[in-house]
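Encoded as structure tokens, the structure appears first; notes follow it.
Keep in mind that this is a model prediction, so the values were computed, not measured. In what follows, chains are A, B, ... by sequence order, proteins preceding strands, each numbered from 1.
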Amino acid sequence: MEHSITTSDCVAVVASKKTWIEQLAIDQLTYTSSLPGMHYCVGMPDLHPGRTYPVGAAFFATEQIYPALIGNDIGCGMSLYQTSMPLRKAKLDKLAKSLKGVEQQCLKHLDEYIDAFKKDHQLHTSSFDHKLGTVGGGNHFAELQRVEEIYDAALYQALGLDKSCLQLLVHTGSRGFGQSILLAYQSQFQTQSLRCGTHEFNTYWQQHQQALAYAQLNRELVAEKFMLALKTKSEMLLDVHHNFIEKIEYKGITGYLHRKGATPSTQGVVMIPGSRGDFSYLIQPLDAEKSLFSLAHGAGRKWKRGACKARLDQRYSMQDLQTTSLGSRVICQDKTLIYDEAPEAYKSCAQIIEDMVDAKLIRVIAKFRPVMTYKTEGSCGS
DNA sequence: ATGTCC
């Protein structure tokens with residue numbers, strides 16, 4: 001079997017030859033690895049190009065951090081909920097009807113919860129708070145799923161999953177708050193690194209930690225609104241950021257691990273989502289030191305955002321895109337977004353999972369089928 | 001990816 005990890009001095013890519021990775025993403029990975037203070041960089045099998053830096057990679061730097069590498073969505077991540085909604089009651093038309101206006105719900109107990117949370121975390125945000133509990137754009141989503149196949153019954157049971165009821169997977173981040181932190185930093189430092197111990201490092205670091213809490217709160221609020229709309233309950237099984245900086249020790253060196261769309265392998269079981277027309281995989285991370293304690297955060301884009309509508313609008317109408325080949329339904333009133341996030345724009349999640357299994361980075365616990373993918377009800381795109 | 005504007 002061919003090796004799934006290729007390594008040069010300090011840059012590695014976890015991917016088999018079967019997994020297509022755009023050259024631009026490799027170039028961006030190499031470029032980023034050459035920045036001052038960068039020691040080790042690992043591209044995951046979902047590696048794809050970003051604006052300047054690649055997405056789907058982990059970077060270990062010493063003595064400094066790169067806020068521009070993390071970008072605006074500080075704290076973006078995935079949370080998984082076990083709901084109490086039985087599959088037999090989960091009819092698509094009924095679910096869609098229940099979810100009408102799900103994000104627009106303004107409820108007193110949510111406001112009280114937000115206030116208490118902000119106090120606890122010493123958050124003094126305000127101008128973005130009206131967007132708390134909304135999914136946002138891009139690859140963000142909230143998806144109702146059901147268990148398709150179980151591969152590791154013991155791990156599956158230990159998590160408290162119930163295949164007779166729906167699961168909810170929430171992918172979103174810190175919304176306008178993270179954006180404001182990035183903009184404040186960029187206006188002063190453009191893309192420069194911040195050296196640890198300096199005042200500007202400490203300022204960013206504190207805001208970064210707040211954005212992590214804010215992103216987590218946002219996911220929790222989205223889940224809560226879904227439960228209210230569906231008139232059911234849920235239990236959170238996991239909540240993991242995949243876009244953030246963490247201070248770690250690696251090979252005896254203390255430094256800063258930048259996860260740019262890379263799932264931590266150090267926080268127990270995690271979910272690796274496929275596109276809306278593909279399965280998602282619940283996995284147990286194994287020893288992932290060789291991949292900088294990180295894993296893929298999804299299937300990875302194959303086509304760049306913005307190029308999808310032109311490639312697909314002869315083949316599919318808006319209505320075509322509201323269902324998938326797995327029989328799931330899509331709620332997305334934004335035309336550009338529904339094309340940009342088409343299943344065709346993403347790689348096969350099974351292939352990404354296979355690469356990580358071959359590299360001995362993960363064990364697969366279960367596979368989940370999408371039932372209903374919620375993107376946005378806002379209709380501004382055309 | 002976000003907010004805002006066309």
Discussion item. Going by side-chain contact (heavy atoms from CB on, under 4.5 Å), name the residues that satisfy it together with A:Gln105, two or more places apart in sequence or in a different chain.
Written reply: A:Val102, A:Leu107, A:Lys225, A:Leu228, A:Ala229
Worksheet item: Applying salt bridge (charged side-chain N to carboxylate O under 4.0 Å, His left out), which residue pairs with at least one partner in residues 67-92 of chain A are found, sequence neighbours left out?
Response: none
Item to complete: Could you check how far CZ of A:Phe128 sits from P of B:dA1, rounded to whole Å?
Response: 19 Å
Item to complete: Could you state the atom-to-atom distance from CG of A:Asp334 to C1' of B:dT4 in whole Å?
Response: 14 Å
Practice prompt. Return yes if the base of B:dA1 and the side-chain atoms of A:Asn72 contain a donor-acceptor N/O pair under 3.5 Å, otherwise no.
Written response: yes
Discussion item. Tell me every residue that passes side-chain contact (heavy atoms from CB on, under 4.5 Å) with A:Arg195, counting only those two or more places apart in sequence or in another chain.
Written reply: A:Glu63, A:Gln64, A:Thr198
Worksheet item: Taking the hydrophobic residues Ile, Leu, Val, Met, Phe, Trp and Tyr, and joining any pair whose side-chain heavy atoms are under 4.5 Å apart, which ones share a cluster with A:Trp20?
Response: none
Worksheet item: Do A:Lys251 and A:Tyr40 meet the cation-pi criteria used here (NZ or CZ under 6.0 Å from the six-membered ring centre, within 45° of the axis)?
Response: yes
Worksheet entry | Rounded distance (Å) that lies between atom P of B:dA1 and atom NZ of A:Lys375 | 8 Å
Worksheet entry | Set of side-chain contact (heavy atoms from CB on, under 4.5 Å) partners for A:Thr324, sequence neighbours left out | A:Arg276, A:Leu326, A:Ser328, A:Val330
Worksheet item: Separation of A:Asp129 atom CG from B:dT2 atom P, in whole Å?
Response: 15 Å
Item to complete: Mind calculating the distance between CG (A:Asn243) and P (B:dA1) to the nearest angstrom?
Response: 9 Å
Worksheet item: When we call it a touch if two heavy atoms are under 4.0 Å apart, what does A:Arg51 touch: a base, just sugar-phosphate, or nothing?
Response: base
Response to the item:
Here the residues of residues 174-184 of chain A within 4.0 Å heavy-atom distance, strictly under, of DNA chain B are A:Arg175, A:Gly176, A:Gln179
Practice prompt. Starting from C1' on B:dA1, measure out to OH on A:Tyr53 and report it in whole angstrom.
Written response: 16 Å
